[in-house]
Amino acid sequence: MSELLQGWKRTHRCAEISAADVGQEALMMGWAGTWRNLGSLIFIGLRDRSGVMQVVFDESTLPHEVFESAESIRSEFAIAVRGVLRLRKPEMVNKDMKTGEYELEAKELKILSRAQTPPFYIDDGVNTQEQLRLKYRYLDLRRPRLQQILAARHKIMQITRRYYDGQGFLEIETPVLCKSTPEGARDYLVPSRVHPGEFYALPQSPQQYKQLLMIAGFDRYFQIARCFRDEDLRADRQPEFTQIDIEMSFVDEDDVMTVNEGFIAELLREVKGVEVQLPLRRMTWREAMDRFGSDKPDLRFGLELIDVTNEVRGSGFSVFEGAIEGGGSVRCIRVPGGAEKFSRKRIDELAEFVKTYRAKGLAWLGMKSEGMQCSFAKFLSPAQLAAVIKKAEVETGDIVFFIADANEETVFASLGALRLELGRSLGLVDESRYELLWVTEFPLLEWDEEEGRFMAKHHPFTSPRDEDIELMETDPGKVRAKAYDMVMNGSEIGGGSIRIHSPELQERMFKAIGFSHEAAWKRFGYFMEAFKYGTPPHGGLAFGLDRIVMQLTGTGNIREVIAFPKIQTAACLMTEAPGPVDDKQLNELHIRVDADA
RNA sequence: GGCCCGGUAGUUCAGUUGGUUAGAAUGCCAGCCUGUCACGCUGGAGGUCAGGGGUUCGAGCCCCCUCCGGGUCGCCA
């Protein structure tokens with residue numbers, strides 16, 4: 001049965017003790033992680049969020065009832081122990097344990113709560129199916145690793161508040177029940193009881209509110225904001241996630257980048273003890289794509305892309321020719337010393353791999369000491385081959401992988417992914433390094449085949465670069481934005497832009513993405529109305545808190561950094577949300593469910 | 001929506017070409033044990049092989065469907 005505390009007060013957490021506490025009475029509470037019964041001596045590994053303390057029950061010195069009670073302790077019982085903290089004898093020290101020099105010699109015991117045998121061991125070393133761990137998330141969270149990650153997350157949030165407060169930012173909350181703005185990700189909708197047939201949307205980000213706060217004169221705003229997007233999940237994407245949201249007035253790109261790179265530098269200093277050189281390196285989007293095939297390049301290793309379009313032009317090799325004539329390119333990656341490392345089987349695997357990214361195939365050239373092997377040599381003249389080898393700086397022992405496509409995006413996507421795969425599989429990524437940069441000058445607009453119109457790449461309030469404004473009507477695809485992403489080790493951890501603050505320019509932007517004046521006003525009327533009342537030049541950015549925590553704790557799975565995450569189908573295995581609701585609730589909301597649809 | 005991977009004691013896994021009663025480790029239960037820390041020793045319990053259908057004399061294994069979970073492409077202003 002469960003015992004009551006009856007005035008017992010904890011004096012120490014299990015691992016929060018020091019030499020000065022030795023010989024003193026201590027009262028600890030926590031969970032029995034391990035239990036070893038030696039007959040008339042019982043050892044309990046008492047665990048709380050700070051760590052583990054060994055507790056000893058000695059039959060020879062304890063009242064019978066206390067020892068008998070201790071004998072009943074099993075895994076994960078919640079217990080309270082009053083005892084004396086002792087130094088262990090030297091031969092009994094456990095060097096693998098943070099508190100291995102100490103133990104708590106029990107005098108009194110309260111079994112606060114018994115536990116069923118848990119469905120899996122509460123231990124970092126155990127690799128239980130995530131499905132089961134998520135169903136019993138409260139047990140999973142008892143594992144030291146997850147406790148550490150959530151403690152790190154807490155620390156990061158506290159540093160965030162301290163840093164931005166120190167820089168004169170005000171933390172202001174914005175609504176969670178918002179108006180739906182069906183441009184961009186799918187919204188989560190919330191039905192209105194009071195307004196039959198109408199819906200709120202959960203925010204994809206506080207974008208418009210924070211801009212309105214700038215119009216309202218708050219100058220520097222931040223918020224640790226929960227955001228929602230009803231899109232498919234990934235290893236680094238959850239339907240609800242947290243962003244550190246920032247907006248500033250009377251600023252241009254440099255101002256925003258300077259303040260926010262200072263934040264990341266402080267985070268790395270305090271959490272990882274890593275000094276980051278400021279200002280951060282900046283790279284235009286164009287350069288990032290050309291060199292790394294990605295707008296979030298991982299700079300911890302080389303294997304840069306090389307453009308050999310000109311070298312292979314007119315070769316008669318239909319794959320290359322088709323790509324070039326279709327307006328695309330032929331690019332490659334040279335793996336130094338890789339000629340002997342790639343079997344035909346492995347090359348075939350990589351060819352399959354790039355097909356995931358719509359590449360049609362993977363050409364290759366291996367410069368072995370006994371001669372060159374090349375999947376397309378017979379199609380190229382010796383002079384062209386020589387030109388390719390020169391451009392790619394191929395040396396003996398190297399292997400080069402080529403991708404050609406009429407669609408540049410396919411070349412970049414597949415070769416960029418191949419670069420990451422090669423870097424990982426060849427062990428070229430130095431996990432101890434933190435490589436940060438800003439990627440700048442993103443395109444303002446992207447052509448959308450499906451919609452048959454240009455769409456805002458970032459969002460429709462992003463400002464074009466001054467020198468490109470004139471292209472908005474003549475060559476929209478060429479317009480660059482005042483947009484910037486912060487990238488850490490190949491992960492986009494934040495992104496933002498300078499916003500349009502002129503109503504006239506905003507109208508041109510809406511026009512560029514195919515919104516009529518009326519359509520734009522219908523959707524964003526309140527927003528555009530506000531812009532008529534003296535809008536300061538402003539801009540900001542949002543960091544993905546979850547991704548930052550992932551980076552700083554070295555986990556590749558976003559579910560590890562969120563206390564109660566969702567699975568791939570956006571469900572919660574513990575609460576079984578989402579679930580059906582009563583007809584009464586539906587009636588009140590004026591909703592009828594068509595289960596067959 | 002597409003592609004790929006996975007689901008066998010509580011847990012992690014093994015399970016041969018389709019062949020007797022599905023195994024191991026660990027956990028769990030009981031007993032013994034005064035320095036364990038992967039405690040040890042003795043004994044015991046524990047299985048809808050994810051579910052359904054099919055092929056077969058015979059299915060954990062082969063085929064089909066479904067469910068559950070993961071990765072990924074599309075998607076993510």
Side-chain angles (χ1 to χ4, degrees), chain A residues 33-45 52-62 67 74-76 86 88-97 99-100 103 105 116-123 125-136 139 181-187 204-205 207-208 227-239 241 349 352-359 410 413-414 417 421 442 444-446 448-451 454-462 481 483 492 495 497 509-510 513 515 523-524 544 556-557 559 567-569 571 573:
Chain A
T34 58
W35 59 281
R36 291 182 201 87
N37 186 336
L38 274 60
S40 48
L41 203 58
I42 298 171
F43 297 96
I44 303 288
V52 176
M53 171 61 65
Q54 172 162 287
V55 179
V56 194
F57 293 89
D58 186 340
E59 188 174 30
S60 64
T61 63
L62 284 173
F67 192 79
R74 293 293 180 275
S75 287
E76 301 307 315
R86 301 268 185 228
R88 299 195 202 179
K89 289 179 187 162
E91 65 271 23
M92 295 165 190
V93 167
N94 184 342
K95 292 188 181 64
D96 298 329
M97 218 174 139
T99 61
E103 65 187 11
E105 186 186 329
Q116 287 187 28
T117 303
F120 50 88
Y121 312 137
I122 314 294
D123 186 84
V126 174
N127 186 29
T128 306
Q129 282 210 10
E130 198 181 5
Q131 204 171 339
L132 192 70
R133 290 170 41 206
L134 289 175
K135 181 178 175 186
Y136 299 96
L139 296 178
T181 55
E183 176 86 345
R186 266 189 289 271
D187 284 326
Q204 297 175 24
S205 91
Q207 183 62 36
Q208 282 150 53
C227 304
F228 306 84
R229 292 180 191 175
D230 187 5
E231 295 292 346
D232 287 352
L233 285 74
R234 287 287 188 283
D236 63 352
R237 249 162 46 189
Q238 283 272 302
F241 59 98
E349 278 173 14
E352 280 305 308
F353 173 81
V354 295
K355 281 177 186 168
T356 318
Y357 301 88
R358 294 200 207 164
T410 301
S414 53
E421 170 60 23
F442 277 77
L444 182 72
L445 303 161
E446 257 178 337
D448 187 305
E449 277 304 330
E450 223 172 283
E451 298 266 326
F454 278 101
M455 307 258 286
K457 187 171 172 69
H458 191 49
H459 56 60
F461 316 112
T462 300
E492 179 200 328
S497 63
M509 178 65 181
F510 279 132
I513 59 174
F515 279 27
R523 267 183 203 184
F524 302 112
N557 175 347
R559 294 180 297 279
I567 59 167
Q568 202 168 71
T569 57
L573 288 178

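First the proteins, then the strands, lettered A, B, ... as listed; each starts at 1.
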Subject >> Taking every non-hydrogen atom, the tightest pair across D187(A) and D230(A) >> reply: O-CB, 4.0 Å
Original post:
Side chain of R88(A), base of C37(B): donor and acceptor closer than 3.5 Å?
Top reply: yes
Original post:
Which nucleotide in the list C76(B), C37(B), U72(B) gets nearest to the side chain of E231(A)?
Top reply: C76(B)
**OP:** Answer with yes or no whether R234(A) presents, from its side chain, a donor or acceptor under 3.5 Å of a partner atom in the base of G74(B).
**Re:** yes
Subject >> Side-chain N,O (R36(A)) to OP1/OP2 (U36(B)) below 4.0 Å >> reply: no
Original post:
Taking the inter-plane angle between the rings of F515(A) and F524(A) on a 0 to 90° scale, is it parallel (under 30°), tilted (30 to 60°) or perpendicular (over 60°)?
Top reply: parallel
Original post:
Counting any heavy atom closer than 4.0 Å, what does L573(A) reach on the DNA or RNA strands: base, sugar-phosphate only, or nothing?
Top reply: sugar-phosphate
Original post:
Is the closest basic N to carboxylate O distance between R237(A) and E231(A) below 4.0 Å?
Top reply: no
Original post:
NA contact type, T462(A), heavy-atom cut-off 4.0 Å: base, sugar-phosphate, or nothing?
Top reply: nothing
Original post:
Which atoms form the tightest heavy-atom contact between Q204(A) and G184(A), and what is the distance?
Top reply: OE1-C, 4.4 Å
**OP:** Determine, for nucleotides 3-13 of chain B in 5'-to-3' order, which nucleotides have protein heavy atoms under 4.0 Å from the base (write B), from only the sugar-phosphate (write S), or from neither (write -).
**Re:** ----S--BSS-
Original post:
What does D96(A) touch in the nucleic acid at a heavy-atom separation under 4.0 angstrom: a base, only the sugar-phosphate, or nothing?
Top reply: nothing
Original post:
To the side chain of S60(A), which of G35(B), U34(B), C75(B) is closest?
Top reply: U34(B)
**OP:** Confirm from the modelled atom types if R237(A) and C76(B) form a donor-acceptor pair under 3.5 Å, side chain to base only.
**Re:** yes
**OP:** Could you check which of C75(B), U36(B), C76(B) has an atom nearest any side-chain atom of F43(A)?
**Re:** U36(B)
Original post:
How is L38(A) classified with respect to the nucleic acid when contacts are heavy atoms under 4.0 Å: base, sugar-phosphate, or nothing?
Top reply: base
Subject >> Any-strand Watson-Crick or G-U partner of U36(B), both distances under 3.5 Å >> reply: none
Original post:
Near E91(A) CD, under 6.0 Å, is it more than 12 heavy atoms from other residues, nucleotides or ligands?
Top reply: yes
Provide a list of protein-nucleic acid N or O atom pairs under 3.5 angstrom, restricted to nucleotides 28-32 of chain B.
residue: C29(B); atom: OP1; partner: R74(A); partner atom: NE; Å: 3.3

**OP:** Assign T181(A) to base, sugar-phosphate, or nothing according to its heavy-atom contacts below 4.0 angstrom with the strands shown.
**Re:** nothing
Original post:
Just checking F461(A): base, sugar-phosphate only, or nothing, at a heavy-atom cut-off of under 4.0 Å?
Top reply: nothing
Subject >> Qualifying residues under salt bridge (charged side-chain N to carboxylate O under 4.0 Å, His left out), relative to D236(A), sequence neighbours excluded >> reply: R547(A)
Subject >> Nucleotide forming a Watson-Crick or wobble pair with G6(B), both distances under 3.5 Å >> reply: C68(B)
**OP:** Look at all strands and tell whether Q204(A) reaches a base, only sugar-phosphate, or nothing, counting heavy atoms closer than 4.0 Å.
**Re:** nothing
Subject >> Pair partner, A24(B) [Watson-Crick or wobble, under 3.5 Å] >> reply: U12(B)
**OP:** Tell me which nucleotide among G70(B), C37(B), C73(B) gets nearest to the side chain of R559(A).
**Re:** G70(B)
Original post:
Under 3.5 Å, is there an N or O donor on one side and an acceptor on the other linking the side chain of E450(A) and the base of G74(B)?
Top reply: no
Original post:
Counting side-chain heavy atoms from C-beta on, which of U34(B), U36(B), G69(B) comes nearest to E103(A)?
Top reply: U36(B)
**OP:** Describe the nucleic acid contact of K89(A) in one word from base, sugar-phosphate, nothing, applying a heavy-atom distance below 4.0 Å.
**Re:** nothing
